2 protein chains.
Amino acid sequence: MAKHVSKTRTARGPRERGVDRVLKLFSYLQENGAPVRLAELPLALDAPKSTIYDLVSILAEAGLLELRGKDSQVYFGKLMHLYGASYLRANDVMARGREMVDALAKETGETSELCIRLRGKQVIVHACPGSRPLRISSEIGSQIPIPWTASGRLMLSHMSLAEIKSILGDEDRTMPNGAPIDIEAFAAECHASKNRPLAMTVGMINSFTQCLAAPITNHDGLIEATICFVLPIDISDEKRGELESRLIEASRSISLAGSRGVAGTGERSMM
Amino acid sequence: MAKHVSKTRTARGPRERGVDRVLKLFSYLQENGAPVRLAELPLALDAPKSTIYDLVSILAEAGLLELRGKDSQVYFGKLMHLYGASYLRANDVMARGREMVDALAKETGETSELCIRLRGKQVIVHACPGSRPLRISSEIGSQIPIPWTASGRLMLSHMSLAEIKSILGDEDRTMPNGAPIDIEAFAAECHASKNRPLAMTVGMINSFTQCLAAPITNHDGLIEATICFVLPIDISDEKRGELESRLIEASRSISLAGSRGVAGTGERSMM
DNA sequence: GAACATAGTCCAGTATATAAGACTATGCAA
DNA sequence: TTGCATAGTCTTATATACTGGACTATGTTC
């Protein structure tokens, strides 16, 4: 009894669920970053032609996708934008995070980013390039494994070892240099960053940048996102000190949980 | 052989497709405008509990929805926002439309809106309230039947009678006062507004506002959206003249089709 | 405590969505 | 023309997603 073979979403049977195909389709479009020919999708997604044509026509009719031109370029549609905007409206945290990124970049001249976590990946949802002659910029929407970043550690700091294991896919368990991570040690690092107002990565992804990150918490005190500076590695200590305190201040001001000393011990009370 | 009972998406069998349930779920969340208790959804959507719990958990895991709090409030998730932002990035027309709305509102002090069409409805995707003491504002995301607006007529101007019939649902075929519309006459009105640089509705939705709308076209010359002013009905002719020309200028500047001299009078024949 | 209400989980049967693949359509080249 | 390649449509079968409904869990009222 109770085999539960396919509890995971990754099950690969002879048939796959429509919803799952849709999720993969969205993900592929996002990854691709630009419209894709409809005829190309079945191959790209390793899915039957009939299924894809069917689903795309449903989604396009609904407005979540859009078909354009005579070669049927497929991409996200207006409805997706509308829903995305609704998300923002309901999430002061995220909306204010975006504004803060713009403000910080303008004020300090440094590249600023707003990051979230999706499963075992960190995603840049908003960024504003700094005014340095040599711009350090990352593509919006680009995803990197959580263990590669300090801000990722912040975002996992409240999770148990088991939870951390469950969200990290196989491909998220190696470092940029290819070395496999030690999960237990990694989880310990995450827990160590709990309640820290700031995290920092030096030269982890590439050798000429460092990253300062601060957590943004929602009303439940959970870390929903991080706000970051991406800096050249040779910045002066003085300058960095300034940026650090500015970032902490920023993250306090947009976080909703009472960072009022209690920090986490609150009654939950839920508005 | 070939009955095709259910070519339409509206088919109501004993079972309904997962994708369709998902679309309705999204639509309901959007309509509701705020998080909804998970337990409430099966009733609201007239769907089986098991199905909804299943789908929501998939979508939440993926990040398209988010579950919050101990009473499981459901709403759009971060991934939706990310995809919506991708849509914007790929659509200069739409992105610039939003900026223009903000600029117009600031410059003229009048309420400005960006509208699109979804099936037979017009949707406000972006708005910026004016600076009048008595603000005229509409909810972002609110939907009204196409025939109620002038900007709706613009958005249908390129469609055949048959197409117009096919996109208008039953509920889109009555006027605000309850009178049914005459489709043929309505289609003629749409066609009449083809290539017009401006459309105008006076007191159609309520008796104290008028609406000026101008089309925004994409690279294919199709009308993707409209940009509008919502004005009090008693505005002076002089002021209105100013706003009209400003709006036309704005729509020209963000439209992508070659408004290069040809500007409406060119080929294209049409009536 | 018992009685009830509200939330959420789990399981097995069957209506049907997915998938395979034949088919049509279009374009391009020899 | 024929041959080949790429796009898209349509139909049938069967693996399974959706469903109904029983079940557990939690909270509230008497």
Side-chain angles (χ1 to χ4, degrees), chain A residues 1-26 28 35-62 64-75 166 267-270, chain B residues 1-26 28 35-62 64-75 166:
Chain A
M1 63 210 32
K3 268 303 208 42
H4 293 313
V5 212
S6 67
K7 199 92 240 177
T8 65
R9 227 75 293 295
T10 50
R12 286 222 133 277
R15 284 190 193 188
E16 196 150 353
R17 233 218 262 229
V19 188
D20 285 337
R21 298 238 109 115
V22 169
L23 293 177
K24 284 181 183 161
L25 167 56
F26 288 168
Y28 178 78
V36 183
R37 276 179 308 113
L38 172 53
E40 197 176 315
L41 285 173
L43 288 80
L45 298 170
D46 187 29
K49 224 177 2 166
S50 41
T51 304
I52 296 301
Y53 275 77
D54 189 24
L55 290 174
V56 168
S57 87
I58 291 175
L59 295 169
E61 177 129 340
L64 280 177
L65 296 182
E66 252 164 56
L67 281 166
R68 169 115 44 98
K70 74 165 269 95
D71 56 343
S72 302
Q73 301 267 359
V74 181
Y75 207 56
S166 79
E267 260 315 308
R268 180 64 61 97
S269 67
M270 192 58 191
Chain B
M1 60 267 320
K3 262 306 204 41
H4 292 313
V5 213
S6 67
K7 202 90 232 181
T8 67
R9 227 72 300 291
T10 49
R12 285 224 132 275
R15 284 190 194 189
E16 198 151 353
R17 233 217 260 230
V19 188
D20 285 338
R21 298 239 108 116
V22 169
L23 293 178
K24 284 179 183 164
L25 167 55
F26 288 169
Y28 179 78
V36 183
R37 276 179 308 111
L38 172 52
E40 197 177 316
L41 284 173
L43 288 79
L45 298 170
D46 186 29
K49 221 175 9 165
S50 39
T51 304
I52 296 301
Y53 274 77
D54 188 25
L55 291 175
V56 168
S57 89
I58 292 175
L59 295 169
E61 176 129 340
L64 280 178
L65 296 183
E66 252 164 54
L67 281 166
R68 171 116 41 100
K70 73 165 272 95
D71 56 342
S72 301
Q73 301 266 0
V74 181
Y75 206 56
S166 81

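Per chain, numbering begins at 1; letters A, B, ... match sequence-line order. Any value given below was found using the heavy atoms of this structure, including those in side chains, with hydrogens, waters and symmetry copies removed. Quantities reported herein were computed from a predicted structural model and do not represent experimental measurements.
Counting only heavy atoms from C-beta on, B:Arg37 has its side chain closest to C:dA7 among D:dT9, C:dA19, C:dA7.
The residue among A:Ser72 and A:Val19 whose nearest nucleotide of DNA chain D lies closer to the 5′ end is A:Ser72. Comparing A:Pro48 and A:Lys70 by the nucleotide of DNA chain C that holds the closest heavy atom to each, the one mapping nearer the 5' end is A:Pro48. Along DNA chain C, the nucleotide nearest to B:Leu38 and the one nearest to A:Ala47 differ in position, and the one closer to the 5' end is contacted by B:Leu38.
Not one side-chain nitrogen or oxygen of A:Ser50 sits closer than 4.0 Å to the OP1 or OP2 atom of C:dA19. Not one side-chain nitrogen or oxygen of B:Arg15 sits closer than 4.0 Å to the OP1 or OP2 atom of D:dA17. Within the structure, a side-chain polar atom (N or O) of B:Arg21 is placed less than 4.0 Å from OP1 or OP2 of D:dT19.
Of all heavy-atom pairs between A:Gly18 and A:Leu55, the closest is O-CD1, 3.9 Å. Of all heavy-atom pairs between A:Pro48 and A:Arg21, the closest is CD-NH1, 3.6 Å.
Look at CG on A:Leu55: it is 16 Å from P on D:dG8, rounded to the nearest Å. The separation between B:Lys49 atom NZ and C:dA5 atom C1' is 12 Å, rounded to whole Å. Atom pair A:Glu16:CD and C:dA19:P shows a separation of 7 Å (rounding to whole Å applied). The separation between B:Asp46 atom CG and D:dG20 atom P is 9 Å, rounded to whole Å. For B:Ile52 and D:dG21, the CD1 to P distance is 17 Å, given to the nearest whole Å. Spacing between atom CD of B:Glu40 and atom P of C:dA5 amounts to 19 Å, rounded to whole angstrom units. To the nearest angstrom, P of D:dT16 lies 15 Å from CG of B:Asp54. Nucleotide C:dT9 holds its C1' atom 15 Å from the CG atom of B:Leu67, rounded to whole Å.
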Starting from the C-alpha separation in whole Å, work towards a yes-or-no answer on side-chain contact (heavy atoms from CB on, under 4.5 Å) for A:Phe26 and A:Leu65.
CA-CA 9 Å; A:Phe26 288 168; A:Leu65 296 182; 3.7 Å; yes
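Two residues are said to be in side-chain contact when any heavy atoms from C-beta on lie closer than 4.5 Å; B:Leu59 and B:Leu25 meet this criterion.
To the nearest 0.5 Å, the span separating CG on B:Leu43 from NZ on B:Lys49 amounts to 9.5 Å.
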